[in-house]
There are 2 protein chains.
Amino acid sequence: MDTQTRLLDHAETLARTRGFDGFSFADLALSTEIRKASVHYHFPAKADLSLALIARYRGVFLEKLHGISQAEPTAGARVLAFLDLYRAASDGGRSLCLCVALSVTQRALPDAARAELAAFHRDVTAWLEPVFRLAQADGSLRHVTDPRAEASAAMAQVEGAQIMARAARDATRFEAAIQSLVARVI
Amino acid sequence: MDTQTRLLDHAETLARTRGFDGFSFADLALSTEIRKASVHYHFPAKADLSLALIARYRGVFLEKLHGISQAEPTAGARVLAFLDLYRAASDGGRSLCLCVALSVTQRALPDAARAELAAFHRDVTAWLEPVFRLAQADGSLRHVTDPRAEASAAMAQVEGAQIMARAARDATRFEAAIQSLVARVI
DNA sequence: GTCTATACCTAGATAGAC
DNA sequence: GTCTATCTAGGTATAGAC
């Protein structure tokens with residue numbers, strides 16, 4: 001695997017477990033076993049790293065969503081698979097979705113990274129909305145009256161669930177927070 | 001107003017707008033117009049400040065919740081008032097509830113602060129659960145089947161809504177993310 | 001209680017050799 | 001592409017005068 005990819009992999013893990021401001025190029029250098037200056041060769045500034053991270057993450061995540069659409073015919077099954085994605089990202093409260101991890105970063109991200117982040121949110125809700133619309137048609141999820149509102153709400157709920165699990169370092173908090181959605185699946 | 005209180009007020013604002021790691025004692029000294037060393041006199045380490053902040057915040061927030069219970073007789077009205085609290089805390093995407101701001105902090109909080117944070121989450125969901133139970137009795141909120149699950153979900157939803165509004169610096173994201181809950185009020 | 005001054009450390013980033 | 005060495009800025013914290 002090339003150095004660039006290894007750096008992104010380790011940086012993603014660090015950003016998601018400690019927050020983007022919670023690791024330094026020194027930490028990244030340690031975990032990839034190269035020197036700090038070499039990290040700067042690949043990513044001159046941390047701002048460059050943030051952009052590369054979120055851009056890659058968005059592509060990979062969208063692929064997964066499309067995979068769900070192809071594998072699951074019903075809206076209920078798609079929502080459950082969506083929750084699986086975020087459950088995995090939460091990793092028992094040890095980790096956050098990269099999007100959440102960067103969203104809560106204090107230090108100003110470069111405009112390009114902020115735009116990627118906004119695009120990520122837009123893409124995910126844009127994927128969710130037709131899922132809830134499908135639910136109205138196939139009846140595999142109860143009480144859907146406004147697919148657009150449901151899409152926003154579901155995203156907020158999984159993001160909040162990750163935060164709660166992380167604060168308590170307790171995986172069951174995530175489950176408790178999404179239970180109301182799971183229970184609506186027929 | 002005494003210095004201690006002024007320090008806590010400014011520190012709370014800074015923590016909620018920039019994140020707890022996003023301000024330094026130097027920033028706090030600047031905004032309160034005393035010297036950095038004097039800040040250290042009141043709060044020897046930043047860990048002490050985190051604990052004082054969350055402990056005070058929990059008390060104040062619980063007071064507000066009790067106020068809602070007394071002022072609003074129906075479950076629907078209580079949920080709307082609860083949302084008002086978080087809408088105000090979000091301040092158009094410029095701010096976060098202190099609890100969220102500290103929950104997403106990268107740097108390890110002292111155990112006592114972590115315990116306060118967990119207690120805050122526990123207290124709020126403990127307040128929400130009987131509200132949803134009341135909804136089942138008074139019919140002022142649609143589709144409540146599991147008050148306990150609803151309490152967890154509502155908390156996740158408002159926390160996630162704050163994160164989304166903050167990431168986009170856009171107040172309408174908060175509204176969009178809680179719309180599904182608002183629409184359930186009769 | 002508040003101040004000036006300072007010590008210590010870490011993070012981000014660059015220079016220049018190999 | 002990777003290294004050693006170094007610079008600078010800023011954050012946390014303390015000493016000691018007033």
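Every chain is numbered from 1, with letters handed out A, B, ... down the list of sequences. FYI, side chains are in, hydrogens and waters are out, and symmetry mates aren't considered; it's all heavy atoms of this structure.
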Note to self: In dot-bracket form, 5' to 3', how is DNA chain C paired? Count Watson-Crick and G-U wobble pairs only if both distances fall under 3.5 Å, and write | where the partner sits on another strand.
What the structure shows: ||||||||||||||||||
Checklist line | B:F82 six-ring centre to B:K64 NZ/CZ under 6.0 Å and within 45° of normal | finding: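 The answer is no; the distance or angle limit is not met.
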Checklist line | Sequence-aligned protein contact record of nucleotides 2-18 of chain D, with B where the base is within under 4.0 Å of a protein heavy atom and S where only the sugar-phosphate is | finding: BBB------SBBBB---
Notebook entry, point to check: Ion pair present between A:R148 and A:E129, side-chain N to carboxylate O less than 4.0 angstrom?
Noted result: yes
Note to self: What I want to find out is whether B:D9 reaches B:R56 closely enough, with some N-O distance under 4.0 Å, to be called a salt bridge.
What the structure shows: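 The answer is yes: the pair qualifies as a salt bridge.
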Notebook entry, point to check: Going through the distances and angles, do A:R133 and A:V144 end up as a side chain to side chain contact (heavy atoms under 4.5 Å, CB included)?
Noted result: CA-CA 8 Å; A:R133 210 182 305 285; A:V144 177; over 6 Å; no
Check: Does the salt bridge (charged side-chain N to carboxylate O under 4.0 Å, His left out) test come out yes or no for B:D84 and B:R87, once each step is laid out?
Finding: CA-CA 5 Å; B:D84 286 342; B:R87 179 181 295 107; 2.6 Å; yes
If only side-chain N and O atoms count, and only distance matters, is there a donor-acceptor pair under 3.5 Å linking [Y] with [X]?
| X | Y | result |
| --- | --- | --- |
| A:E150 | A:T145 | no |
| A:H10 | A:E33 | no |
| A:H121 | A:E159 | yes |

Check: For DNA chain D, which residues in residues 108-117 of chain A have a heavy atom at a distance below 4.0 Å?
Finding: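 DNA chain D contact set from residues 108-117 of chain A: none.
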Next item on the list: Could you walk me through whether A:R94 and A:D91 pass the salt bridge (charged side-chain N to carboxylate O under 4.0 Å, His left out) test, one step at a time?
Entry: CA-CA 5 Å; A:R94 282 178 291 277; A:D91 189 26; 3.3 Å; yes
Checklist line | Heavy-atom closest pair, residues A:E116 and A:I54 | finding: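 Residues A:E116 and A:I54, closest heavy atoms: CB-CG2, 3.6 Å.
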